[in-house]
Undergrad: 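Input: one structure, supplied below.
Each chain gets a letter, A, B and so on, in the order the sequences are listed, and its residues count up from 1. Note that the coordinates shown come from a computational prediction; the quantities given were computed from them, not determined experimentally.
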Amino acid sequence: MEYDFRAIEKNWQKKWTETNAYKVSNESPKPKFYVLDMFPYPSGAGLHVGHPLGYIASDIYARYKRLKGFNVLHPMGYDSFGLPAEQYALETGQHPAVTTEKNIATFRSQLDKIGFSFDWSREVRTSDPKYYKWTQWIFLQLFESWYNPATGKAEPLATLKKMFEEDGTQTAGIRHQVSFTAPEWKTFSENRKLEILMDYRLAFSSFGEVNWCEALGTVLANDEVVNGVSERGGHPVVKKKMRQWYLRITVYADRLLEGLERVEFSESLKEQQRNWIGKSQGAEISFNLTPGPSPKETGASGSVDSRLAINASGLMSHHSPLTVYTTRPDTIFGVDFMVIAPEHELVQQITTPDQKEAIDNYLTYVKSRSDRERMAEVKQITGCFTGAYAINPFDGREIPVWIAEYVLAGYGTGAIMGVPCGDQRDYSFAKHFNIPITNIIGDHFDGQVANPTKDALLTNSGFLNGMPMRDAIDVVITKLVEMGIGKRQVNYKMRDAGFSRQRYWGEPFPIVWNGGEAFPVDEKDLPLELPHVEKYGPGPQGEGPLANLIDWVTSAPTPLHGVAGGALRETSTMPGYAGSSWYFLRYMDPQNDETFCGRKVSDYWNQVDVYVGGTEHAVGHLLYSRMWTKVLFDLGHIGYDEPYKRLVNQGMITGKSYFFLLENEVVFSYKKQDDTASLKRFKYGHNYVDNLGKLTRKMFDKYNAEHPGAADGFSIQWLRDGEGEYIYLKEESEKMSKSKFNVDNPNDLVDKYGADTFRMYEMFLGPVEASKPWDTKGIEGVHRFLKKLWRLFYDDMKGKVWNTDAATADELKILHRAIRKIEDDTERFSFNTAVSTFMICVNELTDAKCHKKEVLDQILVLLTPYAPHIAAELWHLLGHEGSVLDASYPVFNAKHVTESAKEYPVSINGRVRTSISIALDITQPEVEAIVLANDIVQKWLEGKAPKKIIYVKNKMVNVVV
RNA sequence: ACCCGGGUGGUGGAAUUGGUAGACACGCAGGACUUAAAAUCCUGUUCGCAGUAAUGCGAGUGACGGUUCAACUCCGUUCCUGGGUACCA
């Protein structure tokens with residue numbers, strides 16, 4: 001009887017489907033365990049070999065935990081809203097729902113072949129109205145909540161209204177954008193009140209600059225824009241003002257940072273999130289500006305704005321002060337210039353008549369520059385003097401105020417103080433414009449390169465002279481606060497997240513506009529279903545396709561909020577990350593029509609214990625879903641505020657591509673130093689070329705036979721060695737993609753070798769976390785292993801070979817060593833070494849001619865997570881009644897692997913740590929040396945045996961005691 | 001430029017807390033079985049030198065230096081490479 005993997009796998013997959021073997025109950029006396037994969041976007045290209053890597057890893061872990069006696073939740077679904085389906089619809093007219101359905105069917109059939117243990121009864125699809133009903137519901141929770149800094153959490157808007165009614169904006173500890181008293185609040189119109197409340201909602205609408213992509217006709221998130229072009233398609237992206245929805249994620253910045261301390265993510269991923277949030281501590285400092293020319297003097301050239309400002313303020317100074325943000329207030333005596341953003345509101349006010357023309361020219365120049373250019377030429381120094389001066393509050397020095405595009409309006413106060421001796425950018429700026437540089441750090445500044453040290457003692461710094469910079473920071477802030485011209489300030493790089501897209505294939509907002517205000521759709525009217533459209537092109541003025549459906553837009557009932565006017569539906573849709581921000585909760589309770597996820601159920605399943613997915617979602621999806629979880633927690637809907645306890649990042653599998661070096665239609669052998677300008681892709685070449693990029697004439701002829709016409713259009717200049725003709729090709733690792741001909745479809749490999757081999761091979765390839773090139777050359781070895789395993793049970797010639805004899809001590813040692821190692825490796829997600837251990841174990845059993853059921857039984861259970869089909873088949877053939885899926889995991893018993901004292905390798909040499917090692921010069925043969933070393937150490941340790949003895953090659957014996 | 005990873009045979013990769021580097025697999029070479037092929041099995045395989053051989057000697061984890069009885073592992077400098085961020089004050 002031979003290993004007929006095709007029949008075996010088909011049979012067991014059918015059986016497991018029929019018996020609902022993977023169905024998981026929410027009621028169980030067992031401890032729970034939640035293993036989650038990042039669900040895929042069902043693209044038209046189907047699954048490639050890179051996809052299943054993470055799924056196989058999580059499947060092994062889920063199956064392992066199940067054998068260990070846990071009730072394991074291991075679901076799968078689809079992130080089925082998204083741009084590609086819509087673009088495809090634009091091109092072909094096919095409805096996204098139809099193509100999505102089709103793609104999902106393809107994905108599903110591919111996934112099923114690999115034999116995953118997903119509980120498909122819990123499948124979710126973000127584009128299913130039954131699912132997005134709750135996405136919309138959660139959006140409404142965000143819309144109807146605010147973040148209370150006093151309590152540090154989200155609260156229903158009612159608590160804010162109550163506060164306004166009782167105290168206005170006077171409550172301590174909360175900063176407000178506008179101030180009013182309780183009586184004033186009561187006099188405000190409904191519209192005014194709603195406008196004020198909008199500034200607090202966690203999901204809010206506002207006019208903002210957004211990344212507008214003309215070609216795609218939509219607005220993109222920051223992380224969807226790469227180098228000024230759209231991530232998809234590479235179309236140019238420009239800034240445009242539009243009414244948009246946002247999530248007020250910035251109020252969660254501190255909690256998002258703090259939460260990282262409580263989760264097991266890789267250090268690099270935590271670092272990425274920290275950088276994205278970009279918290280910095282510093283101070284805001286206000287500088288008075290020198291009185292510029294009075295309105296009388298400036299006459300007609302004085303700007304209207306500036307005169308209005310003066311009249312309104314009625315102060316001696318003509319201008320409001322200039323407020324800058326700095327992380328280094330200690331360097332205040334080193335300030336040689338100020339720079340404000342070109343968009344800064346003070347620019348028009350403070351520019352002197354002399355400089356007006358220059359400034360206007362500069363502003364025109366800035367406007368003419370696209371984001372793309374600004375990105376491309378970051379090193380270019382530009383700027384323009386405004387003619388105004390700021391006064392250093394400590395020494396009264398006049399500091400010139402410039403504008404420059406390198407200062408961003410959106411960060412801090414949009415203005416900085418330039419300290420050339422301490423900041424390289426400031427130094428370059430000063431040098432470029434010949435601004436004299438003040439040195440406040442003595443020898444630490446060489447006049448050539450700025451030195452951002454905090455350790456120098458301050459010089460030229462008035463009352464700070466001689467003080468270490470580190471200490472001066474606090475001293476200066478305290479002083480500024482006393483003088484009333486500064487305060488401690490924390491800033492974040494992270495911005496509120498744009499939450500609307502002018503697109504069709506996404507969740508419609510449950511929002512109705514009336515009299516310029518946004519009103520929520522009544523909960524009982526959810527889901528607000530996505531209406532059918534005929535055309536997918538954008539609506540008027542960059543609105544989404546939904547804006548073309550006049551009937552739908554006006555179909556909203558006029559909300560009874562006392563606001564007059566017709567009601568119009570919001571026509572943008574939610575971004576891709578809306579549905580994926582909470583899907584891990586829906587898997588727990590996918591059929592629930594009453595709520596997004598029953599509280600009892602979410603309490604039972606609790607956090608995701610292990611979450612497996614790629615790093616590409618490090619700052620997008622992972623941050624948003626963490627925020628949503630915190631909001632749901634704050635509002636009391638779930639019992640924990642971090643969604644994922646442990647995150648495992650799977651590395652990308654890259655495809656190898658090969659190129660011909662082409663010159664005038666002749667191909668030459670590639671050498672490292674060759675210019676790569678004229679290369680021709682060798683289609684499908686990865687299957688024909690050896691590891692060094694060597695292509696033999698023989699393989700090339702085979703290729704030509706298999707792909708007629710693929711090699712037309714050039715001839716080859718063959719080299720020749722003893723074995724025949726060959727050339728070298730240029731080799732590159734690239735992300736897998738259909739267009740690069742470097743993709744392998746998992747189906748092909750599963751058909752050829754079986755799912756079990758495929759699963760084990762993907763794991764054997766290397767650590768789950770590492771990126772690695774795809775290469776099928778080693779798959780034979782894994783397949784051989786399974787066949788060898790099979791032969792421990794059945795021999796092609798002799799038939800059944802397993803027996804029920806009692807295992808020997810040596811055999812139990814082989815078994816228990818494997819149990820220990822494989823359990824360890826599985827727990828650490830070190831699946832590649834686990835597969836190796838299986839191979840070693842089977843080799844050892846083969847060598848020992850061990851065919852004993854007692855041992856083989858346990859090997860099969862160990863193997864079940866990795867190769868479930870063959871394990872189930874052999875388990876069945878051994879005569880077991882129940883399913884191996886529910887067997888219990890072997891228990892490691894140290895007794896079986898305890899090594900005798902003799903086997904202990906050696907150890908000596910004076911040295912005190914937790915353990916001591918002793919090196920001993922040996923002239924005797926090895927065995928005697930070990931005995932001698934042992935004796936010496938025993939005597940020395942007063943009879944205790946050394947812990948470990950290691951024989952070392954250079955005539956030395958090391959003894960660990 | 002900054003912040004994270006990573007550099008180990010012909011290849012993918014092992015080495016869990018510093019303790020005989022190269023497990024396991026691929027590839028390659030040789031052999032067994034076979035009319036032949038496939039399949040399977042066995043032997044060898046880090047490099048250099050010596051030897052018919054068993055084996056011996058020397059070098060060796062990107063490079064240089066340090067700590068240690070002992071370093072792929074820890075520290076310093078440097079080079080290369082993958083990823084992330086990008087004028088964030």
Side-chain angles (χ1 to χ4, degrees), chain A residues 2 227 266-276 278-280 282 324-328 331 339 374-375 377-381 404-408 410-419 422-426 428-429 452 491-494 615-616 618-619 651-652 654 690-692 694 733 761 764-767 769-782 784-785 787-788 791 796-797 821 824-825 828 830 832-840 843 846 905-911 913-921 948-954 956-960:
Chain A
E2 66 176 24
N227 291 331
S266 71
E267 221 19 73
S268 78
L269 194 126
K270 286 184 183 182
E271 205 52 38
Q272 272 185 56
Q273 294 212 353
R274 288 191 195 108
N275 286 344
W276 185 261
K279 183 176 184 170
S280 73
V324 303
Y325 173 73
T326 178
T327 54
R328 299 295 302 273
T331 61
V339 187
R374 278 175 83 155
M375 296 270 189
E377 307 162 15
V378 279
K379 287 288 157 291
Q380 194 176 317
I381 300 164
E405 59 181 336
Y406 84 91
V407 173
L408 307 175
Y411 182 78
T413 60
I416 62 155
M417 54 188 222
V419 183
D423 181 289
Q424 192 53 43
R425 264 187 340 248
D426 293 346
S428 310
F429 193 84
N491 267 331
Y492 301 92
K493 279 196 244 181
M494 184 169 67
T615 21
E616 64 270 25
V619 292
M652 199 169 51
T654 52
D690 83 354
N691 284 327
L692 298 171
K694 187 174 177 179
S733 279
Y761 182 61
F764 185 66
L765 220 47
E769 275 105 338
S771 315
K772 48 210 164 270
W774 176 249
D775 181 354
T776 56
K777 291 182 179 108
I779 197 166
E780 296 279 354
V782 175
R784 235 170 259 162
F785 152 74
K787 285 194 280 192
K788 202 163 178 177
R791 284 198 302 274
D796 291 357
M797 311 300 290
K821 185 80 163 69
D824 263 20
D825 288 345
R828 302 187 285 134
S830 179
N832 57 330
T833 54
V835 174
S836 291
T837 309
F838 276 117
M839 291 176 173
I840 294 167
N843 284 344
T846 303
V906 177
S907 194
I908 313 184
N909 246 334
R911 162 104 188 151
R913 234 189 249 168
T914 43
S915 66
I916 308 160
S917 302
I918 301 169
L920 177 73
D921 190 34
K948 197 173 184 186
I949 300 179
I950 301 139
Y951 182 70
V952 189
K953 61 183 175 184
N954 57 352
M956 301 284 272
V957 177
N958 276 352
V959 182
V960 179

Undergrad: For the pair made of NZ in Lys788(A) and C1' in rA39(B), what is the distance, rounded to whole Å?
TA: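 Nearest whole value for this atom pair: 14 Å.
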Undergrad: Could you tell me how far rG44(B) sits from rU35(B) if I compare only their C1' atoms? Round to whole Å.
TA: 29 Å
Undergrad: Between rG7(B) and rC64(B), how many Å separate the two C1' atoms, rounded to a whole number?
TA: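 Rounded to whole Å, the distance is 16 Å.
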Undergrad: Select one nucleotide: of rA15(B), rA25(B), rG84(B), the one nearest the side-chain heavy atoms of Arg828(A).
TA: rA15(B)
Undergrad: Check the phosphate of rC24(B) against Asn843(A), side-chain N and O only, distance under 4.0 Å to OP1 or OP2. Yes or no?
TA: no
Undergrad: Can you tell me how far P of rC24(B) sits from CG of Leu765(A), to the nearest Å?
TA: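 So the two atoms are 19 Å apart, to the nearest Å.
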Undergrad: When rounded to the nearest 0.5 angstrom, what is the spacing between OG1 in Thr837(A) and CG in Asp824(A)?
TA: 9.5 Å
Undergrad: Could you check which nucleotide pairs with rC87(B) in any of the strands shown, counting Watson-Crick or G-U wobble with both distances under 3.5 Å?
TA: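 Check on rC87(B): unpaired, no WC or wobble geometry under 3.5 Å.
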Undergrad: To the nearest Å, how far apart are Gln273(A) CD and rG84(B) P?
TA: 15 Å
Undergrad: Counting Watson-Crick and G-U wobble pairs only, both distances under 3.5 Å, name the nucleotide matched with rA21(B), or none.
TA: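 The answer is none; no pair meets the criterion.
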Undergrad: Determine the interatomic distance between P on rU17(B) and the same-named atom on rG83(B); round to the nearest Å.
TA: 28 Å
Undergrad: Counting only Watson-Crick pairs (N1-N3 plus N6-O4 or O6-N4) and G-U wobbles (N1-O2, O6-N3), all under 3.5 Å, who is the partner of rG5(B)?
TA: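 Per the H-bond distance test, rU81(B).
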Undergrad: Please report, rounded to the nearest Å, how far the P atom of rU40(B) is from the CZ atom of Phe785(A).
TA: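 Nearest whole value for this atom pair: 14 Å.
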Undergrad: Verify whether one side chain among Lys788(A) and Asn843(A) offers a donor that lies under 3.5 Å from an acceptor in the other.
TA: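 Present: a donor and an acceptor within the cut-off.
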Undergrad: When the P atoms of rU73(B) and rG66(B) are compared, how many Å lie between them, rounded to an integer?
TA: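 The answer is 14 Å between these two P atoms.
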Undergrad: Walk me through whether Lys787(A) and Glu780(A) qualify under salt bridge (Lys or Arg N to Asp or Glu O under 4.0 Å).
TA: CA-CA 10 Å; Lys787(A) 285 194 280 192; Glu780(A) 296 279 354; 5.9 Å; no
Undergrad: Measure CD/Glu267(A) against P/rG84(B) and give the value in whole Å, please.
TA: 18 Å
Undergrad: CH2 of Trp276(A) versus P of rC4(B): gap in Å, rounded?
TA: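 One finds 19 Å between P of rC4(B) and CH2 of Trp276(A), rounded.
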Undergrad: Any side-chain to backbone donor/acceptor pair from Ser266(A) onto Leu269(A)? Under 3.5 Å, distance only.
TA: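 Judged by distance alone, yes, a pair lies under 3.5 Å.
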Undergrad: So, taking the atom named NZ in Lys279(A) and the one named CZ in Arg274(A), what distance separates them when rounded to the nearest 0.5 Å?
TA: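 Those atoms lie 12.0 Å apart.
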Undergrad: I want to confirm an ordering. Mapping Tyr411(A) and Thr833(A) to their closest nucleotides on RNA chain B, which one lands closer to the 5' end?
TA: Thr833(A)
Undergrad: To the side chain of Glu271(A), which of rG84(B), rA15(B), rC3(B) is closest?
TA: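 Out of rG84(B), rA15(B), rC3(B), the nucleotide with an atom closest to Glu271(A)'s side chain is rC3(B).
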Undergrad: Quantified in whole Å, what is the P atom distance between nucleotide rG62(B) and nucleotide rA15(B)?
TA: 16 Å
Undergrad: Tell me which nucleotide, if any, is Watson-Crick or G-U wobble paired with rU40(B) when both distances must be under 3.5 Å.
TA: rA32(B)
Undergrad: Considering every strand and a 4.0 Å limit on heavy-atom distances, what is the contact class for Ser836(A): base, sugar-phosphate, or nothing?
TA: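 Touches a base.
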Undergrad: Using the C1' atom as the reference point in each nucleotide, state the distance between rA32(B) and rA23(B) in Å, no decimals.
TA: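 After rounding to an integer number of Å, I get 27 Å for this pair.
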Undergrad: By nearest heavy atom, map Gly781(A) and Tyr492(A) onto RNA chain B; which one lands nearer the 5' end?
TA: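 The residue closer to the strand's 5' end, by nearest nucleotide, is Gly781(A).
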Undergrad: Looking at Arg784(A), I'd like to know whether one of its side-chain N or O atoms comes within less than 4.0 Å of OP1 or OP2 on rA39(B).
TA: no
Undergrad: Hey, is the side chain of Arg791(A) poking within less than 4.0 Å of OP1 or OP2 on rC41(B), counting only N and O atoms?
TA: yes
Undergrad: Atom NZ of Lys270(A) and atom P of rG5(B): how far apart are they, to the nearest Å?
TA: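 The answer, rounded to whole Å, is 13 Å.
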Undergrad: Under 4.0 Å between any heavy atoms, over every strand shown, what does Ser830(A) touch: base, sugar-phosphate, or nothing? Just pick one.
TA: nothing
Undergrad: How close do Thr413(A) and Tyr325(A) get, heavy atom to heavy atom, and via which atoms?
TA: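 Minimum heavy-atom separation between Thr413(A) and Tyr325(A): OG1-N, 3.4 Å.
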Undergrad: Is the closest side-chain heavy-atom distance between Val419(A) and Arg328(A) below 4.5 Å?
TA: no
Undergrad: rU40(B), OP1 or OP2 - any side-chain N/O from Lys787(A) closer than 4.0 Å?
TA: yes
Undergrad: Where the side chain of Lys821(A) is concerned, which of rU16(B), rU85(B), rA89(B) is the nearest nucleotide?
TA: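 Nearest to the side-chain atoms of Lys821(A), counting from C-beta on, is rU16(B).
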Undergrad: Using O4'-C1'-N9-C4 for purines and O4'-C1'-N1-C2 for pyrimidines, with syn meaning within 90° of 0, is rG9(B) syn or anti?
TA: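 rG9(B): syn.
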Undergrad: Starting at atom CZ of Phe764(A), determine the distance to atom P of rG27(B), rounded to an integer number of angstrom.
TA: 12 Å
Undergrad: Using atom P of each nucleotide, how far apart are rU43(B) and rU55(B) to the nearest Å?
TA: 14 Å
Undergrad: Base, sugar-phosphate, or nothing for Asn832(A), non-hydrogen atoms under 4.0 angstrom?
TA: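 Result for Asn832(A) = sugar-phosphate.
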Undergrad: Could you measure between the two C1' atoms, the one in rU8(B) and the one in rU46(B), and give it in whole Å?
TA: 10 Å
